[in-house]
Amino acid sequence: MNAVTIIQLTDIHLRPEGELVHGTVDTFATLRHTLDRLVAANRRVDALVLSGDLADNGAPEAYRRLRAAVTPAAAALGAEIVYAMGNHDERVAFAALLLDRAADPGIPLDHVVDVRGLRIIALDSTIPGRHHGRLTETQLDGLAAELRTPAPRGTLLVVHHPPIPSPVAGPDLLRLHRPDLLAEALTGSDVRMIVCGHNHSTAAGALAGIPVWIGPALSYRVDPFAPAGRHRGFAGSGFSRIDVTAAGAVATAVETTPAPPVYDRDEQEILDQLAALGAERG
């Protein structure tokens, strides 16, 4: 495929050195393991998109640890880095330590990055002191204005809070409010996919006919089918591979929870065997 390949890392929830999330999860170790795997795979990656909740409590040290780990990995991959805010992030420290700029805590951190002709728009859907999401009228007007000019390979929209319902009560309450306003801004645009995090469970849907992808969290998972009346999280991690082609965008969840392999074979050998059986590439 002549694709632009994006790796989405979301809900990393880094804490200062020596601190664990919920007293059990070493999120920095998971991040390092994942970045090492990406580099070792020796596959083309055009951008790393980190879609919010990068720190667990907005601690400056967490952002320093994050950047120190991500920057060399992105350099080894030859990939752009796109940072987006989540509800656990803190705007001033986020802007200073990840974006190298000053920020007003009351003004959202939005930015646009071009990656091989694919326009990536990161919108800050956070509200300081709250956990649900919203996009302001100014943001929506700016988005609509940006989208009036199509990009060569279309647009990937990154927003931490999903604009679609969740079957889990907590994330559903804390999703993006007034998604209809976002849908209006996107109507007739070249947006190929809306990429989100926040829910800690992988899901897909659509808004205004545009696919919505909620990537797996890198820190831990929320159980989307817990016993009635229970809300629970459990160990597990993953990231997303998103390939954007002329035909559209395909999102694939990639498991990073340690597990023994079932098989590990030469790829060309598999392709040769399939060809011998009469398989055709569509």
Side-chain angles (χ1 to χ4, degrees), residues 6-22 25-39 45-115 120-131 133-136 139 142 156-161 195-198 200 215 217-220 237 239-240:
I6 308 298
I7 297 297
Q8 178 203 13
L9 306 174
T10 195
D11 298 276
I12 302 170
H13 287 272
L14 283 191
R15 297 186 67 89
E17 187 173 359
E19 296 184 13
L20 303 177
V21 172
H22 291 291
V25 183
D26 186 343
T27 52
F28 186 72
T30 302
L31 173 65
R32 290 298 301 269
H33 168 75
T34 301
L35 293 172
D36 289 346
R37 174 176 172 177
L38 290 171
V39 173
V45 174
D46 295 296
L48 299 178
V49 171
L50 287 77
S51 56
D53 282 3
L54 310 186
D56 190 50
N57 57 7
E61 185 183 344
Y63 295 124
R64 294 189 187 98
R65 298 181 82 197
L66 177 75
R67 187 167 183 173
V70 171
T71 300
L77 291 164
E80 298 277 351
I81 305 173
V82 180
Y83 293 113
M85 280 277 295
N87 51 291
H88 281 258
D89 292 308
E90 195 281 316
R91 279 183 184 150
V92 173
F94 186 104
L97 297 170
L98 297 181
L99 305 179
D100 295 322
R101 73 190 213 204
D104 183 322
I107 299 177
L109 292 172
D110 300 335
H111 50 284
V112 182
V113 179
D114 179 88
V115 178
I120 301 178
I121 301 177
L123 293 184
D124 179 354
S125 58
T126 67
I127 307 168
R130 302 297 180 98
H131 288 292
R134 75 175 177 204
L135 296 172
T136 67
Q139 287 178 287
L156 196 72
L157 178 63
V158 181
V159 57
H160 182 68
H161 294 84
V195 179
C196 311
H198 190 51
H200 288 245
L218 205 62
S219 52
Y220 64 91
S237 62
F239 64 88
S240 299

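On a predicted model such as this, the values are computed, not experimentally measured, just so you know. Numbers here are sequence positions counted from 1.
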Beyond-backbone contact of Asp53 with Thr10, side-chain heavy atoms, under 4.5 angstrom: no
Answer yes or no: are there more than 12 heavy-atom neighbours, outside Arg101 itself, under 6.0 Å from its atom CZ? yes
Looking at every non-hydrogen atom in both residues, tell me the closest pair between Val82 and Ala122 and how far apart they are. CG1-CB, 4.2 Å
Below 30° counts as parallel, above 60° as perpendicular, anything between as tilted: where do the rings of His22 and Tyr220 land? perpendicular
Output all residues satisfying side-chain contact (heavy atoms from CB on, under 4.5 Å) with Thr126, sequence neighbours left out; order by chain, then residue number. Met85, Arg91, Asp124, His161
4.5 Å side-chain heavy-atom contact, Thr27 and Asp56: no
Closest contact, heavy atoms only, Ala84 versus Asp89: O-OD2, 4.2 Å
Under 30°, 30 to 60°, or over 60°: which ring-plane class applies to Tyr63 and Phe94, parallel, tilted or perpendicular? perpendicular
Close side-chain approach of Leu98 and Leu50, heavy atoms under 4.5 Å: no
Nearest heavy-atom neighbours spanning Ala93 and Pro60: CB-CG, 4.3 Å
Show the nearest heavy-atom pair for residues Leu77 and Val39, with the distance to one decimal. CD2-CA, 4.0 Å
Per side-chain contact (heavy atoms from CB on, under 4.5 Å), Ile107 is matched among Asp104, Leu109, Asp110 by Asp104
Residues at least two apart in sequence or cross-chain that pass ring-ring contact (aromatic ring centres under 6.0 Å, His included) with Tyr83, listed by chain then number, are none
Can you find a heavy atom in the side chain of Ile120 that is under 4.5 Å from one in the side chain of Ile6? yes
I'd like to check the side-chain contact (heavy atoms from CB on, under 4.5 Å) partners of Asp26; sequence neighbours left out, ordered by chain and number. Leu20, Phe28, Ala29
Does the side chain of His200 reach to within under 4.5 Å of the side chain of His13, using non-hydrogen atoms? yes
Test applied, side-chain contact (heavy atoms from CB on, under 4.5 Å); reference residue, Ile12; option that passes from Thr34, Leu54, Val70: Leu54
Let me confirm one number: the OG-CG distance from Ser51 to Leu9, rounded to the nearest 0.5 Å. 8.0 Å
If you count the non-hydrogen atoms of other residues, nucleotides and ligands that lie under 6.0 Å from CZ in Arg134, is the total more than 12? no
Side-chain heavy atoms of Thr30 within contact of Ser237, under 4.5 Å: yes
Do any pairs count as a salt bridge (Lys or Arg N to Asp or Glu O under 4.0 Å) and have a residue in residues 69-82, sequence neighbours left out, and if so which ones? none
If you compare all heavy atoms of Ala217 against all heavy atoms of Asp11, which two are closest, and at what distance to 0.1 Å? CB-CB, 3.7 Å
I'd like to check the side-chain contact (heavy atoms from CB on, under 4.5 Å) partners of Asn57; sequence neighbours left out, ordered by chain and number. Arg15, Ala59
Rounded at 0.5 Å granularity, tell me how far CG in Leu38 sits from NE2 in His33. 9.5 Å
Can you find a heavy atom in the side chain of Gln8 that is under 4.5 Å from one in the side chain of Val158? no
What is the minimum heavy-atom distance between Ile127 and Gly133, and which atoms define it? CD1-C, 4.3 Å
Below 30° counts as parallel, above 60° as perpendicular, anything between as tilted: where do the rings of His160 and His198 land? perpendicular
Hey, could you give me the CG/CG distance between Leu218 and Leu31, rounded to the nearest 0.5 Å? 6.0 Å
Applying side-chain hydrogen bond (donor to acceptor under 3.5 Å, both in side chains), name anything that partners His111, two or more places apart in sequence or on another chain. none
